[in-house]
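Quick note: numbers below take in every heavy atom, side chains included, and nothing from hydrogens, waters or symmetry partners. Proteins get letters first, then strands, A, B, ... in listed order; numbering begins at 1 in each.
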Number of protein chains: 2
Amino acid sequence: MPNNQFKRGELYSVINGMASTAVARRLQKNFRQSGLEITIEQWSVLYHLWKEDCLSQQELCNRTFRDKPSITRLIDNLEKQKLVKRMPSKSDRRINLVCLTDAAKELQDRTIDLANQTMNEALVGVNKEEIELVKLVFQRVYDNLT
Amino acid sequence: MPNNQFKRGELYSVINGMASTAVARRLQKNFRQSGLEITIEQWSVLYHLWKEDCLSQQELCNRTFRDKPSITRLIDNLEKQKLVKRMPSKSDRRINLVCLTDAAKELQDRTIDLANQTMNEALVGVNKEEIELVKLVFQRVYDNLT
DNA sequence: GGCATATAGTTAGTTATGCAACTAATTTCA
DNA sequence: TGAAATTAGTTGCATAACTAACTATATGCC
């Protein structure tokens, strides 16, 4: 066995504990300070709907890397806040299409700006090539495990 | 404003949703299949105690990147499972030292092997230099935000 | 010495996650 | 055509996350 085993084990705690948590916390804090009452998880659902509205819950699972119960409850909460609405699909009666309300559409510009601003803060001293490499590594890790 | 803004926003969902979740899920699954009844979060606390036993809860917060209430409850659950024990510090009566039990010490080898094995699966096609760069980028992101 | 401040840890409330078991609609294929 | 298998979504249960408010101990400083 190679002697880099420990370093690999170490990477787990780096990946899972640190940067992603720090980014999520900061973004959540920025939302709160701007008077936005949404959680970072709810935002990540809206983010995908802004790119393409009226997705099925299953499609949201795929795009946000969450399981079905998580999406069910995120949509429940977003519906309570009147940010999305479940619409029955006409072609397949099992499917709920999740569609944005006008209120959600108004959130888009404000939150995307905050997110970009947060990522700019987070990525000071990190160049484009490094970002691309991180994304590539993560894609490979994801593909290896799924 | 540079035109790589969108890419930076994009990175958030990559970082936060994908690889870290996939690794954690796989490791949790491997624990379960080996008959280990611990969660991945509990393991990450034990992991730091194996490196240095009898840390304060605050020190565990720092090392695992969790907040105090999270550590309080993780330690509660680990104590219920008789894997750690809270010991009052002699020098400072505010402090609980969290110490491993013999049962926890026996878990170490089995789980570290599983973790290394999981990371080896996860990191197929990723070389040492790429791993080092990812760690460096994450450290920088963390430092930028804290 | 004694008051203000800081630090360690706990508790309460809300949201989110993972898993397993469930219902309902759809597809497959003999 | 119709039974079996698949797919979309929900519900229940346990654990974990963040915030805010709390108690208790320790430190700083006049």
Side-chain angles (χ1 to χ4, degrees), chain A residues 16-18 20-33 36-45 54-81 83-84 86-98 146, chain B residues 16-18 20-33 36-45 54-62 64-81 83-84 86-98:
Chain A
N16 214 40
M18 201 171 85
S20 62
T21 307
V23 172
R25 269 186 212 156
R26 173 62 61 95
L27 191 46
Q28 178 75 72
K29 191 175 153 195
N30 286 348
F31 284 162
R32 231 184 6 261
Q33 287 181 347
L36 297 173
E37 299 272 318
I38 56 173
T39 67
I40 189 70
E41 292 83 7
Q42 291 171 355
W43 179 79
S44 83
V45 170
C54 296
L55 298 170
S56 70
Q57 294 189 199
Q58 182 56 55
E59 190 53 37
L60 283 170
C61 293
N62 300 339
R63 300 197 188 188
T64 62
F65 307 102
R66 292 187 161 81
D67 66 357
K68 291 191 293 179
S70 296
I71 288 296
T72 292
R73 277 147 193 158
L74 279 171
I75 302 300
D76 286 348
N77 284 332
L78 284 168
E79 225 173 13
K80 265 188 235 157
Q81 297 179 256
L83 292 171
V84 304
R86 283 179 170 95
M87 310 285 215
S89 162
K90 284 169 188 169
S91 58
D92 185 336
R93 289 193 303 165
R94 292 171 305 181
I95 291 178
N96 288 336
L97 294 176
V98 180
T146 47
Chain B
N16 215 39
M18 202 170 83
S20 62
T21 307
V23 172
R25 268 187 214 157
R26 173 61 61 95
L27 191 45
Q28 178 76 73
K29 191 175 152 193
N30 286 349
F31 285 162
R32 231 184 7 261
Q33 287 182 346
L36 297 172
E37 299 273 318
I38 56 173
T39 66
I40 188 70
E41 292 82 6
Q42 292 171 355
W43 180 78
S44 84
V45 170
C54 295
L55 298 171
S56 70
Q57 295 189 198
Q58 182 57 54
E59 190 53 37
L60 283 171
C61 292
N62 300 339
T64 62
F65 308 103
R66 293 187 159 81
D67 65 358
K68 290 192 293 179
S70 297
I71 288 296
T72 293
R73 273 150 195 156
L74 279 172
I75 303 300
D76 286 348
N77 284 331
L78 284 168
E79 226 173 13
K80 264 188 235 160
Q81 298 179 255
L83 291 171
V84 304
R86 282 178 170 95
M87 310 285 216
S89 162
K90 285 169 186 168
S91 59
D92 185 335
R93 290 194 303 165
R94 293 170 304 179
I95 291 179
N96 289 334
L97 295 176
V98 180

- [ ] Say whether, by atom type as modelled, one donor and one acceptor occur between the side chain of E59(A) and the main chain of S56(A) under 3.5 angstrom.
- [x] no

Open item on the list: Determine whether a donor-acceptor pair (N or O, by modelled atom type, separation under 3.5 Å) exists between the side chain of E79(A) and the backbone of R86(A).
Closed with: yes

Open item on the list: Here's a test of your reading of the structure: between L97(A) and L74(B), which maps to the more 5' nucleotide of DNA chain D?
Closed with: L97(A)

Open item on the list: Side chain of R73(B) only, heavy atoms from C-beta on: which candidate in dG13(C), dT17(C), dT10(C) is closest?
Closed with: dG13(C)

Task: D76(A) vs K29(A), nearer the 5' end of DNA chain D by closest nucleotide - done: D76(A)

- [ ] Would you indicate, yes or no, if dT14(C) has its OP1 or OP2 atom less than 4.0 angstrom from a side-chain nitrogen or oxygen of T39(A)?
- [x] no

TODO: May I ask you to decide if L74(A)'s main-chain N or O and E41(A)'s side chain share a donor-acceptor pair within less than 3.5 Å?
DONE: no

Task: Approximate separation, where rounding is to 0.5 Å, of I71(A) CD1 and N96(A) CG - done: 12.0 Å

Open item on the list: Within the 4.0 Å heavy-atom criterion, would you say R93(A) contacts the bases, only the backbone, or no part of the nucleic acid?
Closed with: sugar-phosphate

Open item on the list: Students often get this wrong, so: under 4.0 angstrom with heavy atoms, is I71(A) touching a base, only sugar-phosphate, or nothing?
Closed with: nothing

- [ ] Indicate, yes or no, whether a donor-acceptor pair under 3.5 Å links the base of dA8(C) to the side chain of R86(B).
- [x] no

Task: Distance in angstrom units between E41(B) CD and dC19(C) C1', rounded - done: 14 Å

Open item on the list: Tell me the interatomic distance from Q42(B), atom CD, to dT17(C), atom P, rounded to whole angstroms.
Closed with: 19 Å

Task: N-O pairing of R73(A) and D67(A) below 4.0 Å - done: no

Task: Separation of atom CZ in R32(A) from atom P in dT15(C), rounded to whole Å - done: 14 Å

TODO: Check the side chains of N77(A) and Q81(A) for a donor-acceptor pair under 3.5 angstrom, ignoring hydrogens and angles.
DONE: no

- [ ] Please state how far atom CG in D67(A) lies from atom C1' in dA21(C), giving the value in whole angstrom units.
- [x] 14 Å

- [ ] Apply side-chain contact (heavy atoms from CB on, under 4.5 Å) to S89(A) and list each qualifying residue two or more places apart in sequence or on a separate chain.
- [x] S91(A), D92(A), I95(A), L97(A)

TODO: Kindly say whether I38(A) contributes a backbone atom to a donor-acceptor pair with the side chain of Q28(A) at under 3.5 angstrom?
DONE: yes

Open item on the list: Without decimals, in angstroms, what is the distance between F31(A) CZ and dT15(C) C1'?
Closed with: 15 Å

Task: Side-chain N,O (T72(B)) to OP1/OP2 (dT10(C)) below 4.0 Å - done: yes

Task: Approximate separation, where rounding is to 0.5 Å, of W43(A) CH2 and L36(A) CG - done: 11.5 Å

Task: Side-chain N or O of N96(B) closer than 4.0 Å to phosphate OP1/OP2 of dA8(C) - done: no

Task: Residue that, paired with V45(B), satisfies side-chain contact (heavy atoms from CB on, under 4.5 Å) out of L83(B), I75(B), V98(B) - done: I75(B)

TODO: Give D92(B) one of three labels, base, sugar-phosphate or nothing, depending on what nucleic acid heavy atoms sit under 4.0 Å from its own.
DONE: sugar-phosphate

Close N/O contacts between protein and nucleotides 2-7 of chain C (under 3.5 Å):
residue: dT7(C); atom: O2; partner: R94(B); partner atom: NH1; Å: 2.9

TODO: Establish, with yes or no, whether the OP1 or OP2 oxygen of dT17(C) is under 4.0 angstrom from a side-chain nitrogen or oxygen of R66(A).
DONE: yes

Task: Terminal contacting nucleotides, 5' and 3', DNA chain D versus chain B (heavy atom, 4.0 Å) - done: dT15(D) to dA26(D)

